[in-house]
Trainee: 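Structure provided below as structure tokens; questions to follow.
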Amino acid sequence: MKKFIQEFKAFALRGNMMDMAIGVIIGTAFSGVVTSLTNNLINPILNLILGGASYTLSDVAGFASSFLTALVNFFLMAFVLFCLLKGINKLASLGHKKAPAAPTTKQCPFCRSQIPLDAIRCPHCTSMLVQEEDMKQTNDIS
């Protein structure tokens, strides 16, 4: 049973599944914005222009405020989803340990300063860091 729960958790929290769920929720919220745009802004303006209905300026302002309300609701929904997804990702990464990065520098044996791993000569004290045989191998083309 424990393995089954772990497999379900891995399936449900997988990136593709979460992206799809967020996309459906955002799409639903955005459809509310589009519906509000057409019903509360575009249709009254078209009716006003075509003369099919008589609207006052306060009616048009009321329609615009309804559209702005739908727009604010959309952004609030997107913000809440962003915060939830950020929290879920943080919880999912708690059990994982990051592997230490490979070193990119080494210490010069003469002056103890940090230098690149592939350095042949220390840029600080100008000491040679490799033997002549090693240098011949690195410069040898064949």
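Heavy atoms only: backbone and side chains are in, while hydrogens, waters and symmetry mates are out.
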Trainee: Do V33 and F67 make a side-chain contact, defined as non-hydrogen atoms from C-beta onward lying under 4.5 Å apart?
Mentor: yes
Trainee: With a 3.5 Å cut-off and sequence neighbours excluded, list the donor-acceptor pairs that the side chains of residues 74-81 form with protein atoms.
Mentor:
none

Trainee: Going by side chain to side chain contact (heavy atoms under 4.5 Å, CB included), name the residues that satisfy it together with N73, two or more places apart in sequence or in a different chain.
Mentor: T69
Trainee: I'd like to know if L85 and F30 are part of one continuous hydrophobic network [Ile/Leu/Val/Met/Phe/Trp/Tyr, side-chain heavy atoms within less than 4.5 Å].
Mentor: yes
Trainee: Give, for atom CD1 of I42 and atom CG of L37, the distance between the pair rounded to the nearest 0.5 Å.
Mentor: 4.0 Å
Trainee: Any side-chain to backbone donor/acceptor pair from S36 onto G32? Under 3.5 Å, distance only.
Mentor: no
Trainee: Using the rule that Ile, Leu, Val, Met, Phe, Trp and Tyr join whenever any side-chain heavy atoms are under 4.5 Å apart, tell me whether V72 and V34 fall into a single cluster.
Mentor: no
Trainee: Name the atoms and distances for all side-chain donor-acceptor pairs under 3.5 Å in residues 114-130, with sequence neighbours left out.
Mentor:
from: Q114; atom 1: OE1; to: T105; atom 2: OG1; distance (Å): 3.0
from: R121; atom 1: NH1; to: T126; atom 2: O; distance (Å): 2.8

